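Reading through the structure tokens given below for one structure.
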Amino acid sequence: MGNSAPPKLFSKLLQWLCVPELLEELEGDLEESFQYYITQKGRWYARYKYAKEVVFLMRPSVIRKINNNSNSIFMISNYGKVAFRNFSKNKNYVIINVLSMSIGLACCIVSYLNYEHNSSFDSQHENITNIYRINYQEQDSDELRTYGVVPLPISRESGNLTQVTDIIQYTEWHGSAKIANDYFEINAGYVSSNFLDHFTFPLIRGSKEVLANRESIIISNKLALRLYDDINVIGLPLVFSHKGNEHTYIIEGILEDFPSNTSFNIDALINRENLALDHPTNDWQNFVTSFLLVDNVPSLPSIIASINNFADANHPIGQDMPKKIYHLDPLVGMANRAQANDVIGPLEESLPWAIEVVPAIISLMILLIACFTFTNTTIASAATRLKEIGIRKVLGGRKNQIAFQFIIESIMVCILAILLAIPLTKLLAAQYNQLMPFLELELIFSNNIGFFSFLIVLVLLAGLMAGSYPALYLSKFQPSKILKGNLKYKSVGRITKSLLTAQFAFAMMTITASVLFVQNAKYQNATDLGFDTDQTIVVRIGNEEDKEQVYHAMHNALVMNPKITHLTGASDHVARKYHQATVFYEGETLDIVGLDVGPGYIETIELNLTEGRDFKEEKASDYIENIIINKLFVKQMGWTDPIGKKLTYQDSIEYFVIGVVEDFHFDDFSSPIQPLWLRLAKPEEYNYLIAKTDKENIESVMAEITMAWQTLFNNEITDIKAPEYPRYKGQIINGIILKVLVFMGSVAAIMSMIGFFSLVSLNIFGRMKEIGVRRVLGSSTTSIIQVINKDYIVILLVGITSGSIASHFLIPMLMNSLWAYHSDGSLMLTILSILIMLVTCMFTVGLRVVNAARTNPTELLKDE
Amino acid sequence: MKGSYLGEFQELVLLAILSLEDEAYGVAVQLKIKQVANRDITRGALHSAFTRLEEKQFLSSKFGEATKERGGRRKRIYTVTAEGEGALKEAQIIRDSFKGSVKPSFQHG
């Protein structure tokens, strides 16, 4: 005879949802059936039947209506009034919570826009899924490198394949556009005439057919405004020159401005037939970016096979020439892969994934911190409203009405937060856009409804959770107990404790991350690069046709300038250009990097010559067979006496070591130092003119160099870089990540401290009597502080320590993916931040307790 | 007189109540219908039928006794009103009047 009770969950559900007049009859019937089925078919069947019956009883005639009050308008206004009174009594808490949650929301939205912008490169092109770029991979030294350009013959052959619908070719060149006597630096794309057929770049003037015309040029809206301050410029001439070749085009079209997440960073489009090839005699030395339009996905492998077969059959063989393996790179995600795999080519890369992902994760943590704080403070502040609940119950308030009051208040706070988040997001996005000069994030709600709904739901859920805990828990209490003051309200329950722990863990993670990155920035900035270019000005002459003549002209113009301390030229330059090679020594090979430089280069950029001698300008053999190597080179060869050693290059060329320099960073921190040689180059090979001066003269020398250039070369503009130019691409990224993290770290720190402070205040309020009693019984303020602190110690320790430790291990991993050289997180610093946080928190608690403890105990113990 | 139209299910319920005489309450009606018509009906469906029949004034109800199996809760006993019995009779007459025009294979014995 089963006397077991029916499934509690369902019976509670029934009790909650059923109209009271029907409850007795229905519940009774269901229970009777339940007992009957236990005897007939066993307990499990009975339970199943019961549950089923309850579910099917959920129908309109049975379910209670939430406001089955005829005075619903009155009730709503009552809720509203009480809510507003509550808000004005607790203005601080409300403001803190609304502000925290809206900041959290704003951060999340901006991070998401950032992520979305970065992962939707080239999404404007309608044909994006059918376009593939031909890449090749080549084993350079011990690295497999990917190139986004291919030799011209490969490009032509691919275009002829039957499975390929069309082929688009693209070559980018930097040059100057001339209008009247003004020169403007622009990037131009030499494209096949079908470029605009397959890539969706809308025109605001003209039509895409003009690309077929050799004499036409299509320019961007931005360029038109720059040149003429007007877009009605169709028919006007534009002279574009690069590599000494000048050509006059007629403007026949204006393109809409490109979004910043595009692979093509160009100001103008020109028909390819105008392109002067680098190597007119050997097409295999001319490289072009080639896109294939393929409609039939299954044919891709055969296309790749055909290309590789053609290459194998026709590629000129050279020793030392590693084999090129061709493959197809879909346009979708191409920019992201280019960034991740360091693809070599003219097109733009996306931002590194670290910039996408890290702000997003931290924003989410900040939002969670805000929501947790909100939940905790709501739960704790309910302790102050026990009398209110008691009175309401006495006056006939039903449980669900009281619950509803709390929930309404929470949701109102959440809605305020969401509304405030909108202008905050705009503000934050504007700041972020400024940080990244090449970025333009737009707040378009329509595109991202799914995501915004997700955020809103998240916040509303927080509100619901925050409001329902006190709602359900408190509304059960008996009014008499409340009003008599006998009720012990446990305001630091399990939920509060876990939320608080999580909150501190997240905050510490963010703070530690910021600290580690700041430390790293200091380290990287202070790292001796092995050279000094802080006072050098670099003029790029590599674009010119007769580099020797240009160099000599400039040299003559500047050599008499007393402010210029060193003047030299170079073919390669640190952080700008270097080459790779493989050398042979007694049967062994070594893959190296190299810089071809002018005489005086070592002195100019202050490389440290430790053995042997520098190049001499007048010594002919220095230009032919002498090299200077770095310490790593010596080490990897295992030489004890490197001077005079003989190396072979490309089978027949012999080099002798005449000097050794200290290792230096020839590229940014993402590349490890490699064995390196310096060779002496002749002026006809120079790509750069390098002038060194003193710090205070930099500006004036820059101006003088610019004027010299313009006088010599008819006002043409060239590339003159001052030392402030970020030496390494990595520095820009570093700076951005740093600013973002410091901002977020501060926000996290402030929010959690304020949240903690509010929570402690509220909790102490609930323990006033206890503090009063302790005072009366003779406790000192210090020992009361200790007692109260005890409750928080465990939470703080666990939260703060786990967050710190997590960051301590995770952040270096992140740094590893960004740079080859970075500081290791110092354990001391981590431990220090943990201690500081702990002490600050305990001090906070102490402050509040001191306040309470100083109050006259009689005040605390009186019953009002 | 749309409101007084008697649905098939409602007819079944009325008949079950009549057959249960003084002990016509939820569970009993459910079991009765299961026995006689071999239909599993949920308490909810039955509740809707009761409600509609009461609205049509074919049923009246009052509280009965509480038992231990019901956790001490009282039953609600339903009885068919005079109007209810009248509606049943009408329905029966309509069914019978088909007898002549329906082919033999559909007629009961």
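As the structure is a prediction and not an experimental result, all values here were calculated from the model. Letters go in sequence order (proteins before strands), and every chain restarts at 1.
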I need the [X] [atom1] to [Y] [atom2] distance, nearest 0.5 Å.
| X | Y | atom1 | atom2 | result |
| --- | --- | --- | --- | --- |
| B:T67 | A:Q35 | OG1 | CD | 9.5 Å |
| A:K52 | B:D40 | NZ | CG | 6.5 Å |
| B:Q30 | A:E53 | CD | CD | 5.0 Å |

Got more than 12 heavy atoms from elsewhere within 6.0 Å of [atom1], [X]?
| X | atom1 | answer |
| --- | --- | --- |
| B:F9 | CZ | yes |
| A:K12 | NZ | no |
| B:F63 | CZ | yes |
| A:Y45 | OH | yes |
| B:Q57 | CD | no |
| A:R47 | CZ | yes |

B:S61 meets the side-chain hydrogen bond (donor to acceptor under 3.5 Å, both in side chains) criterion, sequence neighbours left out, with B:E54, B:R76
In terms of heavy-atom contacts, B:V27 and A:D29 come closest through CG2-O, 3.1 Å
Heavy-atom nearest pair, B:A45 first then A:R59, reads N-NH2, 3.4 Å
So, the part of B:L46 with a heavy atom under 4.5 Å from chain A: the answer is neither
How about A:V62 and B:R43: do any of their side-chain heavy atoms sit closer than 4.5 Å?
no
Comparing B:R74, B:H47, B:R73 against chain A, the one with the most heavy-atom pairs below 4.5 Å turns out to be B:R73
- Does any N or O in the side chain of B:R70 come within less than 3.5 Å of the main-chain N or O of A:E25, such that one atom is a donor and the other an acceptor? yes
Whatever's closer than 4.5 Å to a heavy atom in chain B on A:F34 counts as neither
